[in-house]
There are 2 protein chains.
Amino acid sequence: MEGKAPRIPDSVVRRLPVYLRHLQSILENDVDTIASQTLGEALGLNPAQIRKDLAYFGAFGQKGVGYDVRFLILSIERILRIHRDVPVALIGAGRLGAALCLYNQIQVRSGQNRMRIISVFDRDPAKTGSVIGNVAVEPDTHLESALRSRNIRIAVIAVPASDAQEVADRLTVAGVTAMLNFAPVALRVPDSVHVRAADFTSELQSLAYYAFDE
Amino acid sequence: MEGKAPRIPDSVVRRLPVYLRHLQSILENDVDTIASQTLGEALGLNPAQIRKDLAYFGAFGQKGVGYDVRFLILSIERILRIHRDVPVALIGAGRLGAALCLYNQIQVRSGQNRMRIISVFDRDPAKTGSVIGNVAVEPDTHLESALRSRNIRIAVIAVPASDAQEVADRLTVAGVTAMLNFAPVALRVPDSVHVRAADFTSELQSLAYYAFDE
DNA sequence: TAGATTGTTAATCGATTAACAATC
DNA sequence: TAGATTGTTAATCGATTAACAATC
C-alpha cells in the first residue's frame, strides 16, 4: 500500500541536518513556531526550497501558522533515522581521527548529536589499547567481526591516503553502507555504498580560486 | 580584449582539486599522458564532464592523444591560483584546529599542498604563546592587523559555534574573502565572501539517512 | 472574516551527459 | 591513412524558484 518511493535528492538530505541544528538552537530561545520565510532568512535559503524539501517526507506545517519547532525537530530526526543513538566506527586513530572522536564525544554528551563513535580501529600496535576519551583503540584485525557484531553501518575513514581504498573495501565487505572519507583520495565502492568526501586539502584548494578574483 | 568572463559553476571549481590530486599521484607512476576516459574511470566521473570542466578555462589537451599530465597539473594549479604558496589563517586552536594545523604542515612539507596555515589565533590566553608544530598561537586581538599586514585572504574557522559568527564578521572586515567553517552553525556573510561548510556532525547525520534504507 | 503561510504545481534555471566535427 | 580523443554544441536531466489555491 505504501505507494511511490519518490527518491530524495542528496542535496535535500544534506540540508536536513542544517534545518535541525537551527531549530534546536531557536528552541533554546523559547521559539515555538517558525515560518519557512523566517527559517530561510536565518539560513540564507529560499523559503520555497525549505517547504519543498520537507514536503518530500510529509506535511509537517500548518497553513497560516508555520511549523511547530518541537514537532519539526522530532520529524527530521525520524526522517534521518537519528531519533535513537546511531553507532559509528572510526578507522584511523591518528591526530585527525583522535580530534574527531573527542569532538564527537563532546557533541554527544551535550545532547547535540546521536551519531556516536563507539568503535575505533588502528593498524599501529603502538596505538592499539590506548584510549581516546572513553573509547579504546582496537587492532584493525578486529574490524570485520566487530562491525558485524555491533551492527555498525556507518564509518569514518581517517587513515593515510595510501590505506584508504583497502579500508573502504574491508568496510564494504563488513556491511558498512555509508562512509565519511577524510583521506585525500577518491574511493571506488559499489553503488550500494555511499561515500562522502570530507577532504581538508581539496576544500582549501578550491577556496583559493575565489579568494583572489580581484 | 579579454572578452567574456564565463562565470564558473562552483561544482566545477570543487572538482579541480580532485583532478589535480589524481594527476599528481599517477605522475609518480610515470604516466605522462591521460585521456578523459581514463581519468573518469579512476575518479568515477563522466569523461565529458571532465573535458567540459577543463574547457571552461582553455584547451589543455591534444585531440587524439589526451592530456599531458605535467602540463595539466601546472594548468590546474594556475587556475586555482595555487601555483605559489597561499597563506591561510586558522582561528581556534582547540583540538580540531590543532589537528588540522598539524595535518596541513605534513601536507605542505611533503609537497602535496601549497595552502599554508601560517597564522593561528585563539582567544584563550592559556593557548596564546603555545606552538602548534611550527606555528605560534597568537591572541585573537591581533587578528585584524595580522591578517591585513600578511595579506591573508583565506581563513579556517575552528571555534565553538557560539563564537563563529563574530569571528566571521571580524574576518570579513579584515579582508578575508574565503572561509572554511568547521563550526556547526550557518554563517551570514556578504555576497562578496565565500563560506564553505565543513561540519562533521551534519555530514554524519545526513549519512544516517542512507545507512538504513534497507 | 482577513491575513498569513503551507503544500504543490508549473516555470525557470543550471548542470550533466550525449553526440560529433575537428584534428592529432 | 586509420584510430583515438579533444573541444563544443545540443539534448537531457534535475534542482531551484515562483506562483497560487487551500486553509489555518
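Order of the sequence lines fixes the chain letters, A, B, ..., with proteins taken first and strands second; residue numbering starts at 1 for each chain.
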Of all the choices, D/dT6, C/dT5, D/dT16, which nucleotide is nearest to the side chain of B/Lys63 once you look at every atom?
D/dT6
Salt bridge (charged side-chain N to carboxylate O under 4.0 Å, His left out) between A/Glu77 and A/Arg84: does it pass, once the steps are laid out?
CA-CA 8 Å; A/Glu77 285 175 345; A/Arg84 45 168 185 65; over 6 Å; no
Side-chain heavy-atom pair A/Phe121, A/Leu147 within 4.5 angstrom cut-off
yes
Can you tell me how far C1' of C/dA4 sits from CD1 of A/Ile34, to the nearest Å?
15 Å
Rounded distance in Å - CG (A/Asp68) to C1' (C/dT5):
15 Å
Sorted by position of nearest nucleotide on DNA chain C, 5' first, the leading residue of A/Ala55 and B/Val12 is A/Ala55
Between A/Asp163 and A/Arg170, is there a side-chain N and carboxylate O pair less than 4.0 Å apart?
no
Give a yes or no on whether the backbone of B/Met115 and the side-chain of B/Asn113 come within a donor-acceptor separation of less than 3.5 Å.
yes
Protein-nucleotide distance (B/Phe71, atom CZ; D/dT6, atom C1'), rounded to Å
14 Å
From C-beta outward on A/Asn46, which listed nucleotide comes closest to its side chain: D/dT17, D/dG7, C/dT17?
D/dT17
At less than 4.0 Å, is any side-chain N or O atom of B/Tyr56 found next to OP1 or OP2 of C/dT16? Yes or no.
no
A/Tyr67 vs C/dG7: side-chain N/O to OP1/OP2 distance below 4.0 Å
yes
Pick the nucleotide of DNA chain D nearest each of B/Leu54 and A/Leu45; which residue has the one closer to the 5' end?
B/Leu54
To the nearest Å, how far apart are A/Asp10 CG and D/dC13 P?
20 Å
Of the listed C/dA15, C/dT8, D/dA15, the closest approach to the A/Ser11 side chain comes from D/dA15
Passes side chain to side chain contact (heavy atoms under 4.5 Å, CB included), A/Tyr209 versus B/Leu16? Steps please.
CA-CA 10 Å; A/Tyr209 177 81; B/Leu16 295 180; 5.6 Å; no
Examine C/dA19: is either OP1 or OP2 under 4.0 Å from a nitrogen or oxygen in the side chain of B/Arg51? Give yes or no.
no
Dot-bracket line, read 5' to 3' along DNA chain C, where crossing pairs take [ ] and | marks a partner on another strand, Watson-Crick or G-U under 3.5 Å
..||||||||||||||||||||||
Measure CG/A/Leu72 against C1'/C/dT6 and give the value in whole Å, please.
13 Å
Can you find a heavy atom in the side chain of A/Tyr67 that is under 4.5 Å from one in the side chain of A/Leu23?
no
Mind checking B/Ala48 for me? I need base, sugar-phosphate or nothing, with any heavy atom below 4.0 Å counting as a touch.
base
Rounded to whole Å, how long is the line connecting atom CG of A/Asp53 with atom P of D/dT17?
10 Å
Check the phosphate of C/dT16 against B/Gln49, side-chain N and O only, distance under 4.0 Å to OP1 or OP2. Yes or no?
yes
Should B/Ser36 be listed as having a side-chain N or O under 4.0 Å from OP1 or OP2 of D/dT6?
yes
Considering only heavy side-chain atoms of A/Lys52, the closest of C/dA15, C/dA10, C/dG7 is C/dA10
Measure from the side-chain N and O atoms of A/Asn181 to the backbone N and O of A/Ala186, and report whether any donor-acceptor pair falls under 3.5 Å.
no
Grab the CD-P distance between B/Gln37 and C/dT17 for me, whole Å please.
13 Å
d(CZ, A/Arg14; P, D/dA15) in whole Å:
13 Å
Does D/dT16 have OP1 or OP2 under 4.0 Å away from a side-chain N or O of A/Arg15?
yes
Partner set under side-chain hydrogen bond (donor to acceptor under 3.5 Å, both in side chains) for B/Gln105, not counting sequence neighbours:
B/Asn134
